[in-house]
Amino acid sequence: QDEALIFERESRNGTGVDLPAPDAGAEDLAGLVRAAPLSLPGLSEPETVRHYVRLSQKNHAIDLALYPLGSCTMKHNPRLNEKLARLPGFADLHPLAPVSAVQGALGLMDRLSHWLKTLTGMPAVALSPKAGAHGELCGLLAIRAAHAAAGQVQRRLVLTPTSAHGTNPATAAFVGYEVVEIGQTADGRVDLADLAAKLSDEVAAIMVTNPNTCGLFERDILEISRLTHAAGAYFYCDGANFNAIVGRVRPGDLGVDAMHINLHKTFSTPHGGGGPGSGPVVLSAALAPFAPTPWVVHGPEGFRLLEEAGDEAVQAFGRMTAFHGQMGMYVRAYAYMLSHGADGLRQAAEDAVLNANYIKARLSGVMSAAFPDGPCMHEALFDDRWLEGTGITTLDFAKAMIDEGFHPMTMYFPLVVHGAMLIEPTESESRAELDRFCDALLALAGAALSGDVERFTAAPRLAPLRRLDETLAARKPRLTWRAPEPGVAPAPLAAE
Amino acid sequence: QDEALIFERESRNGTGVDLPAPDAGAEDLAGLVRAAPLSLPGLSEPETVRHYVRLSQKNHAIDLALYPLGSCTMKHNPRLNEKLARLPGFADLHPLAPVSAVQGALGLMDRLSHWLKTLTGMPAVALSPKAGAHGELCGLLAIRAAHAAAGQVQRRLVLTPTSAHGTNPATAAFVGYEVVEIGQTADGRVDLADLAAKLSDEVAAIMVTNPNTCGLFERDILEISRLTHAAGAYFYCDGANFNAIVGRVRPGDLGVDAMHINLHKTFSTPHGGGGPGSGPVVLSAALAPFAPTPWVVHGPEGFRLLEEAGDEAVQAFGRMTAFHGQMGMYVRAYAYMLSHGADGLRQAAEDAVLNANYIKARLSGVMSAAFPDGPCMHEALFDDRWLEGTGITTLDFAKAMIDEGFHPMTMYFPLVVHGAMLIEPTESESRAELDRFCDALLALAGAALSGDVERFTAAPRLAPLRRLDETLAARKPRLTWRAPEPGVAPAPLAAE
Amino acid sequence: MRYLPLDEADRRHMLGVIGAPDVDALFADVPAPARLSAPVDLPRHAGEIEVERELAGLAALNRPAGAGPFFCGAGAYRHHVPATVDHIIQRSEFLTSYTPYQPEIAQGTLQVLFEFQTQVAALTGMEVANASLYDGSTACAEAVMMSRRVTRRRKAVLSGGLHPHYAAVTHTIATAEGMEIARRPAAVDAEADVLAAIDSDTACVVVQTPNVFGTVTDVTAIAAAAHAAGALLVVVTTEAVALGLLKSPGEMGADIAVAEGQSLGVGLNFGGPYVGLFACREKFVRQMPGRLCGETVDAEGRRGFVLTLSTREQHIRREKATSNICTNSGLCALAFSIHMTLLGGTGLRRLAEVNHGRARTLAGALAGVPGLEVLTPRFFNEVAVRVPGSAAALVEDLAGEGILAGVPFSRLDPSAGQDDVLLLAATETTSAADIDALVAALSRRIR
Amino acid sequence: MRYLPLDEADRRHMLGVIGAPDVDALFADVPAPARLSAPVDLPRHAGEIEVERELAGLAALNRPAGAGPFFCGAGAYRHHVPATVDHIIQRSEFLTSYTPYQPEIAQGTLQVLFEFQTQVAALTGMEVANASLYDGSTACAEAVMMSRRVTRRRKAVLSGGLHPHYAAVTHTIATAEGMEIARRPAAVDAEADVLAAIDSDTACVVVQTPNVFGTVTDVTAIAAAAHAAGALLVVVTTEAVALGLLKSPGEMGADIAVAEGQSLGVGLNFGGPYVGLFACREKFVRQMPGRLCGETVDAEGRRGFVLTLSTREQHIRREKATSNICTNSGLCALAFSIHMTLLGGTGLRRLAEVNHGRARTLAGALAGVPGLEVLTPRFFNEVAVRVPGSAAALVEDLAGEGILAGVPFSRLDPSAGQDDVLLLAATETTSAADIDALVAALSRRIR
């Protein structure tokens with residue numbers, strides 16, 4: 001079942017592409033051509049197809065079974081959206097084609113913006129960020145620009161809770177802010193008193209995820225935004241969990257100044273093994289003038305694009321990316337929105353929350369919920385107190401789920417909960433599948449509590465590979481394949 | 001890993017299709033509407049996708065590994081052809097749209113016909129047959145019509161070799177002919193003397209496969225056709241194995257009067273789990289006037305369709321199918337032909353033959369080739385003499401191949417060879433894959449000869465299921481799922 | 001070349017192992033006069049760009065149904081196929097697998113066929129169904145020949161409402177086998193006309209509902225008459241969506257039900273590939289044509305599926321087989337089954353109601369065009385209208401305006417003397433704007 | 001609704017298990033003033049037919065590249081992508097999987113990334129590569145910020161040949177972090193101009209070849225100068241196909257090579273998603289941004305792959321991470337890798353030669369148009385020409401004739417004072433007829 005690397009094939013000089021002869025005439029690149037031939041294997045089309053089809057079967061996927069990775073929102077990806085994104089009018093469109101030739105594309109961006117603004121209750125949106133973290137960057141750059149325009153250059157701090165996604169502090173640091181942590185209450189929310197104590201005229205912004213990474217709605221959100229604004233700071237909301245509230249709560253009504261929206265999560269563009277994502281950022285009226293270029297604007301003869309600061313968009317803080325962002329994802333997300341409609345998006349959020357609470361209710365008898373009181377939102381958080389004394393860790397338990405045909409939940413995140421297990425089912429799961437999942441977990445939990453340690457520490461047994469040595473990989477990084485030297489046997493990596 | 005039937009789900013009334021409300025107005029079908037509601041489950045789109053993706057992973061496929069089913073020609077299916085067949089200009093075209101609206105489709109049929117005629121050296125082709133066996137029917141009906149037109153109504157016999165595909169005698173009987181078998185020589189070819197003895201003015205046609213089902217070229221083919229024509233009979237050639245000779249031999253040069261071409265074999269339209277096929281029939285000048293409707297004809301204003309006898313095509317023997325045959329397959333086959341070109345098709349035939357001979361050479365040391373002398377064509381035929389005394393049958397050996405990751409070869413066909421194992425690699429396999437296959441078979445053969453009987457009789461062990469009870473299925477046919485009666489436990493089938 | 005993995009070094013090496021001097025030696029059995037020394041006179045191999053240009057160029061010469069107002073039916077219907085269907089049928093494991101001869105590694109295909117058979121049986125109201133045939137027309141011919149095997153009689157009575165192509169295909173094959181075909185005259189309301197033709201030599205009566213003129217008929221009385229004479233009733237349906245709303249063949253007493261399944265999952269494809277549905281009473285199962293998938297158990301007692309009753313088939317029975325068919329329309333059956341699974345019984349009913357509603361709107365609009373006469377008394381989603389003059393000429397005229405206005409009956413049966421009859425269908429893909437455009441154009445053309 | 005498996009009965013049952021009276025109770029933590037009591041003011045849910053009509057309608061308002069003669073480049077190139085690529089990336093197991101956090105059930109994605117990294121390293125002539133970034137422009141910005149981490153210096157010198165969007169993105173991000181950006185004036189042959197700007201505070205020099213005007217330059221001397229000053233050389237390539245023919249960044253002494261990979265496997269997509277290639281010397285590996293896939297072994301000693309060196313990343317290091325990036329462009333990297341696997345080194349070289357040849361033909365034809373001046377001295381597949389008057393106006397005029405004649409430089413950099421410069425690219429998809437049509441139209445327009 002092992003699939004050799006493409007570089008390890010005997011026959012490396014086939015071709016999977018038939019090309020014509022180059023046009024006649026002398027090559028005009030004397031001295032500029034690469035010296036050594038490019039030693040990369042070329043496979044015929046049948047060999048290529050087989051290589052990738054075989055490899056694909058080594059992956060888990062949402063199309064195969066529940067994929068309950070908390071905070072990752074693995075929901076169903078409709079194939080209609082794939083089909084529409086491939087219409088030549090979208091897929092075969094050049095980003096710098098004349099504006100008259102791309103009116104439909106600009107129109108789509110305009111409509112998508114309208115949906116995002118309406119759903120969030122915010123007046124503006126910057127579409128171009130290419131992923132959630134890129135959206136965070138965009139939001140903080142807008143905040144920075146707004147403070148600069150107001151002469152508030154002393155604001156050098158960003159406050160963020162301990163439970164935040166790692167990208168929040170990373171992004172703040174990336175644009176030169178100093179990060180200060182806010183404490184958390186026993187019920188898993190921002191500690192208001194700590195927040196109030198740390199707010200000052202040196203604070204540029206707070207970054208709060210809502211619903212937060214414990215899967216809980218920040219009950220005091222209105223007070224959080226009031227305090228923040230009173231201190232002259234902006235409220236950046238991490239919108240990774242917007243899928244839990246879309247259609248029921250508008251972040252604009254909560255006092256949010258900027259929030260990125262992971263189109264691949266809330267609006268179901270495929271995750272594709274780790275990207276591409278798309279992270280448009282909605283902005284409050286205070287921040288809107290600082291949005292990065294390009295902007296789609298209405299003109300007398302249709303849509304226009306403002307691509308450079310220096311046009312009307314004088315205050316734009318700059319540009320996030322070449323061109324206009326993830327058009328392929330815009331098409332998919334817009335098709336998803338139209339399919340659900342206002343009613344369906346709201347229903348999807350409700351079903352996602354219902355599914356998470358159902359899992360929480362079914363598992364809480366055996367596993368220890370991190371925050372047992374009150375409902376959770378779209379994900380159910382457990383800790384590892386219930387495994388105490390079993391000799392089994394969260395990691396072991398998660399790996400054992402693989403042998404039951406499920407992808408493990410998110411582990412050890414958020415950091416504020418010991419041995420965290422964060423389960424997000426999404427609205428895509430049927431009751432039968434949820435029951436199958438809960439039954440499997442309860443059976444596993446029973447085995448764990450009855451001392452069947454081996455089943456966990458030796459897991460997974462039914463995957464293509466057993467547990468992988470991540471330490472070895474990091475200690476002796478082998479990041480590319482290198483041809484074995486002639487006459488020397490290739491040295492396999494070995495754990496020491 | 002078991003996947004429940006769609007009928008066994010608890011929740012059966014979901015929907016995977018959103019439809020608008022019907023137009024207003026009274027339904028006009030009083031008394032004509034079905035009484036009982038249609039009790040078929042509807043699944044949401046996520047559930048549907050998962051059901052079929054999970055099921056698909058229980059299948060072997062040419063995209064996963066060698067699929068050496070002799071006489072089935074499992075070669076690579078290019079994805080370009082799938083893409084082109086889905087162009088709206090082909091896929092979204094109504095068969096009875098006005099001729100002015102389908103000139104490109106008729107043009108494609110015309111060009112495909114030109115390629116098929118040129119490659120076979122035959123003057124005419126009937127495109128519409130929907131599969132190989134349907135093509136045989138078409139050919140025999142043309143022969144029957146030609147004899148009738150010539151007043152040769154006494155010709156009621158069809159001669160066919162013992163090694164023929166089962167469809168040959170079945171088709172002959174289906175149209176009212178009596179089948180007479182022709183003997184075979186020790187070297188696996190038609191026994192000329194027996195043929196000569198059986199030819200008479202009662203013989204309507206002979207049906208000979210060439211290359212034949214033993215994977216051998218009929219050396220005496222010119223004499224066969226001469227004798228046949230001398231007796232006033234027609235030569236129907238089963239073209240299932242045309243892939244072995246395309247570009248190197250034209251059946252027209254062999255004296256063939258009619259031959260079906262399995263587009264899904266020679267020209268690589270996907271087999272799709274057992275269809276759809278496509279079986280155009282090339283015809284000699286003698287038979288051409290009797291070809292079934294429709295015909296594509298050139299007119300002053302483009303292409304026209306003759307759809308009914310009674311137009312110019314007065315001698316057409318009738319119609320094989322509604323509409324014009326397998327357009328979707330024509331597009332794929334034509335794209336395949338253009339991709340290969342005259343040079344590539346010839347090369348493909350050569351590589352197919354080379355691959356088969358390579359397997360024959362590599363395995364003959366251990367396994368017994370049915371016809372060891374001389375080259376084979378596109379498939380290598382072994383018998384089970386080499387398994388004598390091992391207690392292992394051809395079936396056991398084939399099932400053990402599954403545990404090695406390969407699809408078994410064709411077994412027990414042709415009938416003229418005891419315990420036949422017919423291996424057709426096709427040109428799509430690389431040398432590395434052929435070696436992997438031969439190595440695996442030689443290792444298995446070694447195990448068989450060294451007495452490891454259990455490994456074979458208990459095979460397969462690594463498939464989704466162990467060996468299935470085919471006798472039970474036939475004795476108590478359960479062809480549809482039936483809802484268990486309330487209160488009664490569903491009775492599983494059990495071997496007795 | 002991109003599809004050929006061997007290179008010259010491979011070929012040389014392999015010839016060495018074989019012990020042949022060159023590849024020509026492997027073709028030594030070909031008689032010298034028949035050996036082609038050079039490639040035939042056709043173009044050389046081409047890259048994807050060139051092939052795509054050629055095929056896209058041909059496709060561009062056609063006017064697809066989606067390009068404008070469209071009303072063609074007559075045995076092939078344009079329906080919306082959910083994107084999920086095409087995605088799944090393109091999976092390698094379905095697309096590039098073969099007939100499930102090795103059930104242990106083909107349970108995907110086999111379970112799909114078992115589910116398909118169950119769906120088809122339920123739709124037609126019959127007890128058993130096969131794993132599909134080529135299309136509706138050949139399924140009709142097979143039903144007639146099966147009725148001969150069952151009854152050992154020689155005559156088939158075909159209704160004048162049967163699609164003329166179906167009649168032609170049946171005639172072509174059945175008469176070759178020695179049957180007599182009694183085809184009744186084409187008429188909008190033709191069904192009852194078969195009654196007079198039934199006699200003691202009749203193997204079967206073939207009726208279609210909705211018939212080729214769109215007329216829906218309850219054929220229960222015809223079933224009774226056929227059965228009284230010892231004949232079978234074959235009920236044909238060319239629009240599978242109708243089965244979601246109308247009385248099923250089984251409810252009306254059919255012995256064999258055949259249908260064209262193209263409406264669900266498959267698409268128009270200029271006429272093929274399509275998928276023939278074939279269902280019958282359980283007692284006739286051993287006389288059925290085509291593949292059957294059945295339930296069984298594996299060596300450990302687990303449920304599994306296999307192709308079964310293959311003793312009917314040609315690879316075992318040879319000239320004694322029930323039919324010469326040795327494939328089904330597997331991938332189309334998969335598409336049909338996926339679409340049906342998405343719809344469910346409730347969804348199919350709704351789809352049928354939407355179709356019927358849209359056709360009522362169409363018929364109402366046509367009835368308002370002076371000079372047109374709607375002929376079909378009770379319809380599902382298709383109606384026949386009488387136009388002044390030639391329907392074929394009218395259709396070509398409207399095609400020039402970008403409207404595909406339906407199928408002239410003369411296209412199906414030129415000798416029926418119904419040159420002024422036009423068949424128009426409406427489905428869920430027909431918009432109100434399409435109907436408006438059609439009516440406006442017809443009103444301009446017909447004075 | 002088709003995407004939601006729960007029905008009302010399910011919901012009632014589940015609320016019962018939870019012990020909640022209704023779904024509102026689950027949202028009790030939302031402050032009352034922020035609760036929406038009704039759906040927002042947007043349309044209700046719609047079926048596939050309606051959604052497809054809306055999106056297809058928007059698509060029809062665009063003029064795709066394939067609709068006629070097309071010469072746009074400037075950082076996004078139209079190439080033919082083999083059909084196999086799109087087929088494979090749509091497989092459920094690739095399309096609907098997530099970041100391979102559980103390597104035991106993600107070896108498919110991981111092995112692809114390892115192969116991708118190896119391909120990118122070979123293409124750029126560097127020792128290591130990451131698993132991709134968002135696109136070329138953000139990769140360029142990341143390279144500049146990495147050079148700060150490596151050198152602990154604050155200044156980046158950007159060549160005037162660098163794509164203006166890349167310069168803008170880099171400026172936006174790097175200045176926020178406190179770097180100084182010295183961008184040199186835009187010029188067709190701008191590269192040597194960076195030399196004077198290098199000083200002891202310089203973290204890196206960023207040059208592009210082929211540059212935004214299409215000019216190909218050997219930057220070996222610039223590498224030497226940068227290294228002499230203790231700075232890094234970052235080489236940018238916006239047209240990955242060029243790497244098949246031209247001297248690689250590694251051969252010329254680059255420390256970091258970044259490229260836009262869109263040309264292979266990905267397509268135009270109106271600008272995204274694309275795939276950023278990022279490669280560097282091995283000694284800098286722990287300062288790299290983005291995901292890395294590495295080889296390791298499993299518990300039984302079998303080779304396997306994992307994401308590695310994640311101590312650089314934000315989910316471990318939080319504010320100390322090398323970058324805030326926590327995704328890659330995985331599916332695009334897969335597409336790139338498949339296309340590269342089909343081509344192989346030989347095929348990519350051939351593809352590059354075909355591109356260069358087609359561009360020579362284009363440049364020759366343009367040089368023959370009176371009034372046009374070809375500016376680019378040495379080019380790969382794109383040239384800059386000077387036109388009389390406004391290039392932007394000329395492009396809009398020709399678009400009216402159905403010819404997409406390239407990108408006016410003013411579109412990229414309005415303030416550069418190069419309004420009369422037009423960039424035109426040719427690839428293997430450009431036909432001789434396309435070039436003829438362009439030249440004819442230009443000759444008519446330019447008098």
Side-chain angles (χ1 to χ4, degrees), chain B residues 16 22-23 38 40 42 52 55-56 58-63 84 87-89 92-96 98 101 103-104 130 133 166 169-171 173 175 179 217 253 271-276 318-319 322-323 326-328 338 341-342 344 358 361 375 430-431 463 465-466 468 473 478-481, chain C residues 5 10 14 18 26 29 34 39 42 44-45 51 55 58-59 61-64 72 88 92-93 96-99 103-105 107-109 118 128 134 137 165 168 172 176 269-273 294-296 298-299 304 308 314-315 318-319 321 324 327 329-331 342 344-345 353 357 399 407:
Chain B
D23 288 3
L38 186 55
L40 281 173
Y52 291 101
L55 282 180
S56 76
K58 295 172 189 277
N59 275 0
H60 187 84
I62 185 71
D63 281 0
L84 297 174
L87 290 173
D92 192 25
L93 202 60
H94 193 281
L96 300 173
Q103 286 295 306
K130 297 219 153 204
T171 303
V175 297
V179 177
F217 197 93
D253 296 337
H271 289 64
R319 170 178 278 278
F323 315 127
Q326 308 288 62
M327 181 66 175
L338 288 178
Y358 183 69
S430 67
R431 173 151 71 100
L465 292 178
R466 304 288 296 275
L468 287 147
R478 274 199 196 178
L479 307 179
T480 58
W481 181 85
Chain C
D10 290 326
M14 292 165 70
I18 295 164
L26 304 179
D29 287 333
L42 289 166
R44 283 172 55 81
H45 68 277
V51 175
L55 274 287
L58 286 168
L61 298 176
N62 301 320
R63 182 173 180 79
C72 298
I88 294 171
S92 290
E93 296 87 339
T96 75
S97 61
Y98 194 59
T99 302
E104 297 87 354
I105 46 173
Q107 285 298 303
T109 294
T118 305
V128 292
Y134 305 135
S137 66
H165 283 176
T172 298
N269 295 324
F270 199 53
E295 183 178 332
T296 189
D298 82 347
T308 192
Q314 76 301 322
H315 66 280
R318 301 180 74 83
E319 66 269 25
N324 76 332
T327 51
S329 192
L331 203 67
L342 284 166
E353 287 169 351
V407 178

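Hydrogens, waters and symmetry mates play no part in the numbers below; they use all other heavy atoms, side chains included. The sequence lines fix the lettering, A, B, ..., with proteins before strands; numbering per chain opens at 1.
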Interface residue of largest heavy-atom contact number with chain C, from [options], under 4.5 Å:
options	value
B:H271, B:R431, B:H60, B:K130	B:R431
B:M327, B:K58, B:Q326, B:H94	B:H94
B:G341, B:G272, B:G16	B:G272
B:L93, B:L96, B:V179, B:T171	B:L93
B:A361, B:P276, B:A173	B:P276
B:T480, B:D253, B:N59	B:N59

Does the [X] side chain pair with the main chain of [Y], one donor and one acceptor, at a distance under 3.5 Å?
X	Y	answer
C:S137	B:A322	yes
C:N324	B:A170	no
C:T96	B:D63	yes

Give, as side chain, backbone, both or neither, the part of [X] having an atom under 4.5 angstrom from any heavy atom of chain C.
X	answer
B:L338	both
B:V175	both
B:L84	side chain

State, to 0.1 Å, how close [X] and [Y] come at their nearest heavy-atom pair, and which atoms those are.
X	Y	value
C:I105	B:A463	CG2-CB, 4.0 Å
B:P98	C:A399	CG-CB, 3.8 Å
C:T99	B:G274	OG1-CA, 3.6 Å
C:C72	C:V407	CB-CG2, 4.0 Å

(request) Please state whether the side chain, the backbone, both or neither of C:I88 comes within less than 4.5 Å of a heavy atom of chain B. (result) side chain
(request) Name all residues meeting the ring-ring contact (aromatic ring centres under 6.0 Å, His included) criterion together with C:F270; count only those two or more places apart in sequence or in a different chain, and write none if there are none. (result) B:H324
(message) If we define contacts as heavy-atom pairs under 4.5 Å, which of C:L42, C:I18, C:T109 has the most with chain B?
(response) C:L42
